[in-house]
Enquirer: 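Structure in structure tokens, see below.
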Amino acid sequence: MGIALIRFYHPQKGVRIGVYSGETVYDVTEKLASSTEWFQKSVGRVNEAIEELENLANQSSTTYQVSELENAPSPDTLHWLAPVDQQEVWASGVTYERSREARQEESVDGGDIYARVYAAERPELFMKAVGWRVVGHRGAVGIRHDSTWSVPEPELALALNPALEVIGFSVANDMSSRDIEGENPLYLPQAKMYTASCALGAGITLQTADSWPETTIRLKITRDGETAFEGSVETARIHRKLSELVEYLGRAYTFPDGVVLLTGTGLVPSGEFTLAAGDVVEIAIDDIGKLINTVKIV
């Protein structure tokens, strides 16, 4: 894994910008004020911007061990923040065959609409969250109090600068209220957009790309210390091309601060499973990073 751009919280200093490499976090806040600043500076020169950020890390006199940040968010402790600030987070739907099957299973009318979008030229894209609403690593994700069927959706997240150039990848959890969306597809915003419904991993692993990284997405859900669900999926099973999703995302919409796009899920727990308060959701993507969150009711 290369370097990652991160945000974290220091009890005495507040929000900080850092570079994560190996087991060390380098504080670069004095030279880089925000994630947005780096997203914008990378336009037309992504590789050069990554190299400059690595040099900033090497020059940093303030470092922390990764283990020091592995705390639940609290004003009194060092902890991870989501790696975005002003960026919007968008999401893709039905990009894996398993996602199509799951949507059809939950739909009260058989889900023909999901079969059609899976095969259609135009992908399903929707707004998921604004940056300040995104939950970070070790934070708490939410399940709606009025939902009876809630699941995590582990996804590869694609980070793009304002020119929609790929700058890196992260780990994402696109929380979903399956019963609400299944009742009527027009309820999608309520099923997908609510407090603590979107989480991103500890950082954005920086790299240019013109195709999907060949990697594995792993999901584990723990309840009362026991494994309640475990599974994995290969990113090679994504139905859509990376360039295709990016092109449609930017067709009639601009992102002056950059954007993060969740690329869909191919790993969905069976219909008998629903999340409960206190569950721990662990998502890991080989060579990209990890995301661990506790579940709460919102």
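Just so it is clear, the structure is predicted and the values come from calculations on it, not from any experiment.
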Enquirer: Test side-chain contact (heavy atoms from CB on, under 4.5 Å) on R7 and S35; report intermediate values, then the result.
Expert: CA-CA 8 Å; R7 296 170 68 246; S35 294; 3.3 Å; yes
Enquirer: Which pairs with one or both residues in residues 120-130 pass salt bridge (Lys or Arg N to Asp or Glu O under 4.0 Å), sequence neighbours excluded?
Expert: K128-D174
Enquirer: So which atom in T29 and which in V15 form the shortest heavy-atom distance, rounded to 0.1 Å?
Expert: CG2-O, 4.5 Å
Enquirer: If you measure from CD1 on I288 to OG on S170, what distance do you get to the nearest 0.5 Å?
Expert: 8.5 Å
Enquirer: Got a donor-acceptor contact below 3.5 angstrom from the S74 side chain to the D76 backbone?
Expert: yes
Enquirer: Can you run down the side chain to side chain donor-acceptor pair (under 3.5 Å) pairs that involve residues 193-202, sequence neighbours left out, and say none if there aren't any?
Expert: none
Enquirer: Restricting to ring-ring contact (aromatic ring centres under 6.0 Å, His included), what partner residues turn up for Y253, sequence neighbours left out?
Expert: W90, F255
Enquirer: To the nearest 0.5 Å, how far apart are CG in L81 and CG in L200?
Expert: 12.0 Å
Enquirer: One pair to check against side-chain contact (heavy atoms from CB on, under 4.5 Å): Y26 and I3. What are the steps and the verdict?
Expert: CA-CA 10 Å; Y26 302 86; I3 67 168; over 6 Å; no
Enquirer: Is it true that atom NZ of K13 has more than 12 heavy atoms of other residues, nucleotides or ligands lying nearer than 6.0 Å?
Expert: yes
Enquirer: Are V43 and V246 connected into the same hydrophobic cluster when the rule is that any two of I, L, V, M, F, W, Y join if their side-chain heavy atoms are below 4.5 Å apart?
Expert: no
Enquirer: Using the rule that two of Ile, Leu, Val, Met, Phe, Trp, Tyr join whenever any of their side-chain heavy atoms come within less than 4.5 Å, decide whether V298 and V130 are in one cluster.
Expert: yes
Enquirer: Does some side-chain heavy atom of V25 sit less than 4.5 Å from a side-chain heavy atom of V66?
Expert: yes
Enquirer: Taking atom CD1 of I180 and atom CH2 of W149, what is their separation to the nearest 0.5 Å?
Expert: 12.5 Å
Enquirer: Is the shortest heavy-atom distance from the side chain of L125 to the side chain of L261 under 4.5 Å?
Expert: yes
Enquirer: Same cluster for M175 and Y96 if Ile/Leu/Val/Met/Phe/Trp/Tyr side chains link at under 4.5 Å?
Expert: yes
Enquirer: Might you work through the salt bridge (charged side-chain N to carboxylate O under 4.0 Å, His left out) test for K192 and E153, ending with a clear yes or no?
Expert: CA-CA 11 Å; K192 290 289 191 177; E153 295 193 1; 3.0 Å; yes
Enquirer: Hey, is CZ on F126 packed in by over 12 heavy atoms from elsewhere, all under 6.0 Å?
Expert: yes
Enquirer: Got a sec, which pairs hit side chain to side chain donor-acceptor pair (under 3.5 Å) with one end in residues 47-69, sequence neighbours left out?
Expert: R45-E52
Enquirer: Residues two or more places apart in sequence or in another chain: which of them pass side chain to side chain contact (heavy atoms under 4.5 Å, CB included) with T148?
Expert: D179
Enquirer: Do V166 and D210 touch side chain to side chain, with heavy atoms closer than 4.5 Å?
Expert: no
Enquirer: Considering non-hydrogen atoms only, spot the tightest contact between I167 and I50 and give its length.
Expert: O-CD1, 4.4 Å
Enquirer: Indicate yes or no: does E70 engage R138 in a salt bridge with an N to O separation below 4.0 Å.
Expert: yes
Enquirer: Would you give the length of the straight line joining atom CG of L245 to atom CZ of R240, rounded to the nearest 0.5 angstrom?
Expert: 7.0 Å
Enquirer: In terms of side-chain geometry, is the basic nitrogen of R133 or E88 positioned less than 4.0 Å from the acidic oxygen of its partner?
Expert: no
Enquirer: Please report the interatomic distance CD(Q87) to CG(N161), rounded to the nearest 0.5 Å.
Expert: 10.5 Å
Enquirer: Decide yes or no for I285 and P213: does some side-chain heavy atom of the first lie under 4.5 Å from some side-chain heavy atom of the second?
Expert: no
Enquirer: What I'd like to find out is whether the side chain of L78 reaches to under 4.5 Å of the side chain of H10, using heavy atoms alone.
Expert: yes
Enquirer: Is there side-chain contact between L275 and P152, with heavy atoms separated by less than 4.5 Å?
Expert: yes
Enquirer: Could you pull out the closest heavy-atom pair between P269 and F229, with the gap in Å?
Expert: CA-CE1, 3.7 Å
Enquirer: Can you name the closest pair of heavy atoms from L267 and G231 and give their distance?
Expert: CD2-O, 3.5 Å
Enquirer: S150 and T274: side-chain contact (heavy atoms from CB on, under 4.5 Å), yes or no, with the steps?
Expert: CA-CA 5 Å; S150 299; T274 186; 4.1 Å; yes
Enquirer: Working to the nearest 0.5 angstrom, can you tell me the gap between Y118 OH and T95 OG1?
Expert: 9.0 Å
Enquirer: Do V259 and F169 belong to the same hydrophobic cluster, where Ile, Leu, Val, Met, Phe, Trp and Tyr are linked whenever their side-chain heavy atoms lie under 4.5 Å apart, directly or via other members?
Expert: yes
Enquirer: Using only atom types and a distance under 3.5 Å, with no angle test, would you say the side chain of Q40 pairs donor to acceptor with the backbone of P256?
Expert: yes
Enquirer: If we ignore hydrogens and angles and just use 3.5 Å, is the side chain of W80 paired with the main-chain N or O of G139 as donor and acceptor?
Expert: no
Enquirer: For A202 versus I6, what's the shortest heavy-atom pair and its separation?
Expert: O-CG2, 3.3 Å
Enquirer: side-chain contact (heavy atoms from CB on, under 4.5 Å) for I283 and E155? Distances and angles first, verdict last.
Expert: CA-CA 9 Å; I283 302 170; E155 304 189 17; over 6 Å; no
Enquirer: Taking all non-hydrogen atoms of both residues, which atom of S34 and which atom of D85 are closest, and how far apart?
Expert: CB-OD2, 3.4 Å
Enquirer: What I'd like to find out is whether the side chain of T227 reaches to under 4.5 Å of the side chain of K220, using heavy atoms alone.
Expert: yes
Enquirer: Within a strict 4.5 Å, meaning less than it, do heavy atoms of the D257 and F39 side chains meet?
Expert: no
Enquirer: Using the rule that Ile, Leu, Val, Met, Phe, Trp and Tyr join whenever any side-chain heavy atoms are under 4.5 Å apart, tell me whether I143 and I221 fall into a single cluster.
Expert: yes
Enquirer: Tell me every residue that passes salt bridge (Lys or Arg N to Asp or Glu O under 4.0 Å) with K31, counting only those two or more places apart in sequence or in another chain.
Expert: none
